Number of protein chains: 4
Amino acid sequence: MNVETPQKKPSRIQQRNRAKILDAALEVFAQHGYRGATLDQIAEASGLSKPNILYYFDGKEDIHVTLLGQLMDTWLDPMREIDPGGEPLEELLRYVRRKVEMSFEYPRESRLFANEILQGAPRIAPHLEADLKPLVDRTADLIDGWVGAGRLAPVDARHLIFSIWATTQHYADFEVQVRMLAEDDLRARAVAFLDLMYRRMLKP
Amino acid sequence: MNVETPQKKPSRIQQRNRAKILDAALEVFAQHGYRGATLDQIAEASGLSKPNILYYFDGKEDIHVTLLGQLMDTWLDPMREIDPGGEPLEELLRYVRRKVEMSFEYPRESRLFANEILQGAPRIAPHLEADLKPLVDRTADLIDGWVGAGRLAPVDARHLIFSIWATTQHYADFEVQVRMLAEDDLRARAVAFLDLMYRRMLKP
Amino acid sequence: MNVETPQKKPSRIQQRNRAKILDAALEVFAQHGYRGATLDQIAEASGLSKPNILYYFDGKEDIHVTLLGQLMDTWLDPMREIDPGGEPLEELLRYVRRKVEMSFEYPRESRLFANEILQGAPRIAPHLEADLKPLVDRTADLIDGWVGAGRLAPVDARHLIFSIWATTQHYADFEVQVRMLAEDDLRARAVAFLDLMYRRMLKP
Amino acid sequence: MNVETPQKKPSRIQQRNRAKILDAALEVFAQHGYRGATLDQIAEASGLSKPNILYYFDGKEDIHVTLLGQLMDTWLDPMREIDPGGEPLEELLRYVRRKVEMSFEYPRESRLFANEILQGAPRIAPHLEADLKPLVDRTADLIDGWVGAGRLAPVDARHLIFSIWATTQHYADFEVQVRMLAEDDLRARAVAFLDLMYRRMLKP
DNA sequence: AATGAATGAGGATTCATTCAT
DNA sequence: GATGAATGAATCCTCATTCAT
């Protein structure tokens, strides 16, 4: 009988162990990708035995899917928090800042996501369609409205979004390369640079 | 006796088969990553038998390393072609355009590279140190000089470079997501958007 | 997590299975040599599946090294038991007798050792240097002392040792040839012959 | 069409290439055993290509069998040359000396033979029955006769022969061990030791 | 809830041999 | 005679998963 069956609410120890597994799996999947990760590595990193991991999850893929599901929730939060009633430039710059800070705070999540998209999103495509697409459509409309009202410089809303994702997540996804090439104060300089770039780009 | 040993020039058939293998491997590695790729897939995609592939290459890793080596050569070309004697804004905008066009022309190469960096650059780190770092140092100095001369708006040269890489390669590396969310004319819009963004960003 | 790591004492079933594997491997390695032996043969002979064998040992080489390590321990015992305070001729004749009896009792161990030495001792050379050499040095000194004291006929101590090894192990290592050519009572005749030979050789 | 078919006498070049292959194969088989040896190694050592080797021999086994067949011829020569009409002690001591010198001159042949016997003589058993057994029977009878006539000390003839083989071939078959433990002048000391041992053993 | 033991399905690689010229 | 190219059959090993307790 699997823990997932929602008959009883998970006990304290169950919740803790699931969390330990997911944290370990996040580390391993983010570094090695889905195929490159092994249950042994996750078992090692989580401190649980391999069969015990399979007591909490139906298998490797279940862990991965669970991680991606959790990820989508928090991943989209910054975009959801763009306030349609706020000052357009400040709202978008705040979004950029939150995104870049997430890259430095949660690089593993970013890499997990990047890995999944790179492989063609085989396991997360439904989530994207269901959650991401409507949100992006809505946000693009919002930006278009702002632009139409002359409150932002004219810009292709969707490509603006892509560019924000690209530039912010880059610090997590290409971290080894960035760290090899960057100077000190990486994080502060990144935040400042992106604020500057999007300010010049978007100021009406 | 291995084919790699540079004793004799490779025959016609050798060159053709090595090319077939590398092309197939590029496809497979770009999609599945190093660990996720199998020789069976490469054999299937190349039309050669698995042992025959191992007749031309020393093993899976040899194929991968060969691909990465080839990649670095062409990957850095656009940056090498920035002309220190040119008009700064136009030189950089040309660089952006070449980069984004490479993402649309050679998305597999971009994804191969992204995969390698995501996993911590285990096989390409030496190349990065040897080839990429000096080139970036030089280019950053060049940009700093242009900024100092007032020919470009003030900007952090290294983070500018990162942002160009991020925004251009994003179209290849996150292609499935981009195609799910973008409207028609993806390529033309991407080129136009990036030209606009970096023009506003860099105009002195 | 590997069974070899000496964190916990091996369970009953582990000890039994490791013993089964080592016994099967002794048979197979002794007959076919390291390269000629296959895990399939060991699996077949031990009654375990191939992956299960690799659950208990890190690989083919680990099994082989374990066998050789065990072997050295017992293999040198007879020489260690030569009593410096005993009657020289009787001590050496007892050593010869123990060695020839080991060849008849443990022919597989002898052949395993012979195989390893024949191939140049690639895996046992360190053991030889560490364990065998000091013991032989000591024994040769002992014999030299006995000869010097007139208690043994003059003899080259090291070549005496070689000859004892050669003649006794021959019954195990060249068993098929010996059995083809010998008459009945092989073992008794072998013991008697060697006793006679070394008695005539060594009597002062 | 294979070269072995005795339609034409082999050309000069054929003889030379077969000799090169057999010499290389002797080296390789003696060191690695039958299963451990590869055609690639033989090709490398002989300077011929792998397909070319298979032009001269029907396969790996054919090379091995050919080597063993050649070996038997020369291997038994010393025993054949024991002169029934000679002085018994001197005849046998001469046999010992020739055997030990062969071990130093042709260690590869000795090891090839030892390998084959160790593995149970799968390919040479017929030769042993046909060639070796009659010769040993005859020699044992000869020795028995000499003993009966009081011209040699009483001794078990067959075990005497075994001991001569064992002690002399030991210097080739266990060479790495012997060289690790022996002092200088290995060969001279070996000859002297064996002469001494068998003289004491056999003097009537 | 947990784990030691076991395995079937791959997966990279080796190797004797064959093919084609 | 000779060789570059190719391959089927192993062979060692990995790994997600299952079994038994």
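On a predicted model such as this, the values are computed, not experimentally measured, just so you know. Numbered from 1 within each chain, the chains take letters A, B, ... in sequence-line order.
At the phosphate of F:dA5, OP1 or OP2 sits under 4.0 Å from a side-chain N or O atom of B:Gln14. Phosphate contact (OP1/OP2 of F:dG4, side-chain N/O of B:Asn17, threshold under 4.0 Å): absent. Here C:Tyr56 does not reach the OP1 or OP2 of E:dG4: none of its side-chain N or O atoms lies under 4.0 Å away. Checking the phosphate oxygens (OP1, OP2) of F:dT7, a side-chain nitrogen or oxygen of B:Asn52 falls inside 4.0 Å. Proximity of C:Ser49 to the phosphate of E:dT7: a side-chain N or O atom is located under 4.0 Å from OP1 or OP2. In this structure, C:Tyr55 does not reach the E:dA6 phosphate: none of its side-chain N or O atoms is under 4.0 Å from OP1 or OP2.
Atom-to-atom, NZ of A:Lys20 to P of E:dA2 comes out at 8 Å; the value is rounded to the nearest Å. As rounded to whole Å, 8 Å separates atom C1' of E:dT17 from atom NZ of D:Lys50. Taking atom NZ of C:Lys60 as the reference point, atom P of E:dT14 lies 14 Å away to the nearest angstrom. Look at CD1 on B:Ile21: it is 11 Å from P on F:dA5, rounded to the nearest Å. Note: CG (D:Asp40) to P (E:dT18) measures 16 Å, nearest angstrom. In this structure, CD1 of C:Ile63 is placed 11 Å from C1' of F:dC12, rounded to the nearest angstrom. What separates CD1 of D:Ile42 from C1' of E:dA16 is a distance of 11 Å, to the nearest Å. With rounding to whole Å, A:Leu54 atom CG is found 15 Å from F:dA20 atom C1'.
A side-chain N or O of C:Arg123 and one of C:His64 form a donor-acceptor pair less than 3.5 Å apart.
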| query | Does the pair C:Arg18 and C:Asp23 meet the rule for a salt bridge (charged side-chain N to carboxylate O under 4.0 Å, His left out), with working shown? | reply | CA-CA 9 Å; C:Arg18 281 182 66 93; C:Asp23 186 66; over 6 Å; no

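In this structure a side-chain-to-backbone donor-acceptor pair under 3.5 Å is present from D:Asn115 to D:Ala30. A donor-acceptor contact shorter than 3.5 Å links the side chain of A:Lys60 to the backbone of A:Ala37.
Note on B:Ala37: only backbone sugar-phosphate atoms sit closer than 4.0 angstrom, heavy atoms only; bases stay farther off. The residue A:Leu39 sits close to a base: some heavy atom pair falls under 4.0 Å.
Between D:Arg35 and D:Ile13, the one whose closest nucleotide on DNA chain F sits nearer the 5' end is D:Ile13.
Between A:Trp75 and A:Phe113, the two ring planes are tilted [angle within 30° to 60°].
Pair assignment for F:dA20: E:dT3, on the basis of Watson-Crick or G-U wobble contacts that are both within less than 3.5 Å.
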